[in-house]
Amino acid sequence: MAALVMITAFLADKHRLPDLAASCCLAVGVMVCTWWIGGGGILDSRGGRPPARV
């Protein structure tokens with residue numbers, strides 16, 4: 001949906017290409033910060049420590 005809005009805004013001459021590139025960087029930054037604050041989804045409950053050797 002976001003990509004469709006971005007392409008439509010560019011084709012309608014509402015924004016320039018650097019504006020769209022900056023918005024993509026901002027969106028990625030917000031997603032990374034949210035992932036990091038949320039605990040990093042792929043990390044387990046050990047707090048990111050490597051698994052114990054058996």
Sequence neighbours left out, what pairs pass salt bridge (charged side-chain N to carboxylate O under 4.0 Å, His left out) with at least one residue falling in [range]?
range          : value
residues 20-37 : none
residues 21-38 : none
residues 12-21 : Arg16-Asp19

Q: Quick one: name the residues clustered hydrophobically with Leu17, using the 4.5 Å side-chain heavy-atom rule over I, L, V, M, F, W, Y, and just say none if it's on its own.
A: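 In the cluster with Leu17 are Met6, Ile7, Phe10, Leu11, Leu20.
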(Q) Tell me every residue that passes side chain to side chain contact (heavy atoms under 4.5 Å, CB included) with Val28, counting only those two or more places apart in sequence or in another chain. (A)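 Once residues adjacent in sequence are excluded, the partners of Val28 under the side chain to side chain contact (heavy atoms under 4.5 Å, CB included) criterion are Met31, Val32.
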